[in-house]
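If you're wondering where the values come from, they're calculated on a predicted model, not measured in any experiment. Lettering of chains follows the sequences in order, A, B, ..., and the numbering in each one begins at 1.
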There are 2 protein chains.
Amino acid sequence: MKTDLRVFKTKDALRNALMHLLEQKSLNSISVTELCQLAKVNRGTFYAHYGQVENLFEEYFKTIMKDLADSYQEPYKYVKNLLSKDVNPATIRIFHHIEKYETFYRIVFSRTVPLSYYYLLFDHVQSLIRDDVSEHYLNGIDIDISMVSAYQANAILGLAIEWHRQDFKQSAEEMNRLLVRILSI
Amino acid sequence: MKTDLRVFKTKDALRNALMHLLEQKSLNSISVTELCQLAKVNRGTFYAHYGQVENLFEEYFKTIMKDLADSYQEPYKYVKNLLSKDVNPATIRIFHHIEKYETFYRIVFSRTVPLSYYYLLFDHVQSLIRDDVSEHYLNGIDIDISMVSAYQANAILGLAIEWHRQDFKQSAEEMNRLLVRILSI
DNA sequence: AATTTTATTGTACACTTGTTCATTAAATAT
DNA sequence: ATATTTAATGAACAAGTGTACAATAAAATT
């Protein structure tokens, strides 16, 4: 069954209002009241759909994660000449993805945001990496794949964190080259 | 100049109250009001010292980070027979540290907590690693040390995250062995 | 021991939060 | 087109938030 038109409208209004507010102030400083005023939606209606402003943001989050998974589908496009035996070219797409949604990732990596967003991102990268790890690295080695992929996924995210910290001054391309160099050390 | 005795008393009462409350409920669900009631401190006094409950927690955080730095001082004690050329034995102390303060790290790694705590932890691990990285790995190699240490620090924290996720079922010793194995792949 | 300094208290205020419920109105189904 | 379903509204509630300020009391200074 399809969603009620009214539900669609309110959710749309709320998402738009949130996006506008996020250009001015940080996520955690946006109150339910001001959000509803801007969206012209009753506060009670907001609470009927979301428990807090963060839940609304998480809905947007999922569409971004969809793009991350998509870019994983066409991996060998940009990095074919950078590969060493240890580098997964799909992995390396993540920097282009982050560059594409820079505004979004400035929020995800901001200090005041709940850790759950980082985990959502971590989960996705980990599961993207997990397949390759078990395929290319661990032939017959008895080791917890979750641990290995957690290690590698978070290492990449460590670069992303440092990248964010340096205000994304490097290009995604440079980040790719950096990763390859680190892996070859 | 030393701190006023009254200030010391109120901070002490607040910290104790917070620790008691954290045994029952999650950090973000603790209100300033209930905290002050338990601590028998005026709400206005709380706001004179901290802006929010989180700030109080962060003060406790610093004492834990102090222990992390301390355990870094006596590194070769527990892991001397686990070393490969790539493993920094000091690095590997982190799992024992986390095990020691498990209750605390269950909070730091919980979803609802602000990302800033993770960053505080990340900062410490990164700076601990930074020295060794520049010393042992990068002899004459021109590469951003912040990036390399961010990569390695967060990789370790990735294991910690996965460890937390698996409810710390492994011992710190097992985590050490795991790390060594991953590094040798 | 008396005086000065300053942290804490109690009270008050406007505001946000999260929830409830009867009323209204929009969308879907007949 | 009409009836039915159900989402959105508005109002009201108790509780928490963040801030301000005069009164008090505890600590530091002399």
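When atom types are taken as modelled, the side chain of B:Glu99 and the backbone of B:Ser171 share no donor-acceptor pair closer than 3.5 angstrom.
The shortest distance between the side-chain N/O atoms of B:His49 and the OP1/OP2 oxygens of C:dA7 is not below 4.0 Å.
Separating the CZ atom of A:Phe46 from the P atom of C:dT19 is a distance of 11 Å, rounded to the nearest angstrom. Following rounding to the nearest Å, B:Asn28 (CG) and D:dG16 (C1') show an atom-to-atom distance of 15 Å. Atom CZ of B:Phe8 and atom C1' of C:dT8 are 17 Å apart (whole Å).
Scanning for side-chain hydrogen bond (donor to acceptor under 3.5 Å, both in side chains) contacts around B:Lys25 gives B:Glu34, with sequence neighbours left out. Residues that satisfy the salt bridge (charged side-chain N to carboxylate O under 4.0 Å, His left out) test with A:Lys100, not counting sequence neighbours, are A:Asp67. For A:Tyr119, there are no side-chain hydrogen bond (donor to acceptor under 3.5 Å, both in side chains) partners, not counting sequence neighbours.
Remark: A:Asp12 does not engage A:Lys9 in a salt bridge, criterion side-chain N to carboxylate O under 4.0 Å.
Where the helix from C:dA1-D:dT30 to C:dT30-D:dA1 starts and where it ends, the local axes point in directions that differ by 30°; five pairs per end, rounded to 10°.
Aromatic rings from A:Phe104 and A:Phe57 are positioned such that their centres are separated by under 6.0 Å.
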Show the atom names and distances, to 0.1 Å, of all donor-acceptor pairs under 3.5 Å that link a side chain in residues 107-115 of chain B to residues at least two apart or in another chain.
residue	atom	partner	partner atom	Å
B:Ser110	OG	B:Ile107	O	2.7
B:Thr112	OG1	B:Asn28	OD1	3.3

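Sequence neighbours left out, not one pair with a member in residues 146-156 of chain B passes salt bridge (Lys or Arg N to Asp or Glu O under 4.0 Å). For residues 44-59 of chain B, the pairs satisfying salt bridge (Lys or Arg N to Asp or Glu O under 4.0 Å) are B:Lys11-B:Glu59, with sequence neighbours left out. Residue pairs meeting the salt bridge (Lys or Arg N to Asp or Glu O under 4.0 Å) criterion with at least one partner in residues 151-168 of chain B, sequence neighbours excluded, are A:Asp123-B:Arg165, B:Arg106-B:Asp167.
Taking the six-membered ring for Trp and thresholds of 30 and 60 degrees, A:Tyr118 and B:Tyr118 have ring planes inclined between 30 and 60 degrees apart. Ring geometry for A:Phe61 against A:Tyr117 counts as tilted: the plane angle lies between 30° and 60°, on a 0 to 90° scale.
If you run ring-ring contact (aromatic ring centres under 6.0 Å, His included) between B:Tyr105 and each of B:His96, B:His97, B:His164, only B:His97 comes through.
Atoms CD and CE, on B:Gln166 and B:Met175 in that order, are 8.0 Å from each other to the nearest 0.5 Å.
In terms of heavy-atom proximity, B:Leu157 sits nearest to A:Asn154 at C-ND2, 3.6 Å.
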Write out a two-atom table: protein N or O, nucleotide N or O from nucleotides 2-4 of chain D, distance below 3.5 Å.
none

Summary of protein contacts for nucleotides 24-30 of chain C, nucleotide by nucleotide, where a base hit scores B, a sugar-phosphate-only hit scores S (4.0 Å, heavy atoms): -BBSS--
Its contact letters, B for base, S for sugar-phosphate only and - for none at protein heavy atoms under 4.0 Å, make nucleotides 9-18 of chain C read BB-B---SBB
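Listed by residue number, there are no residues of residues 12-25 of chain A with a heavy-atom contact under 4.0 Å to DNA chain D.
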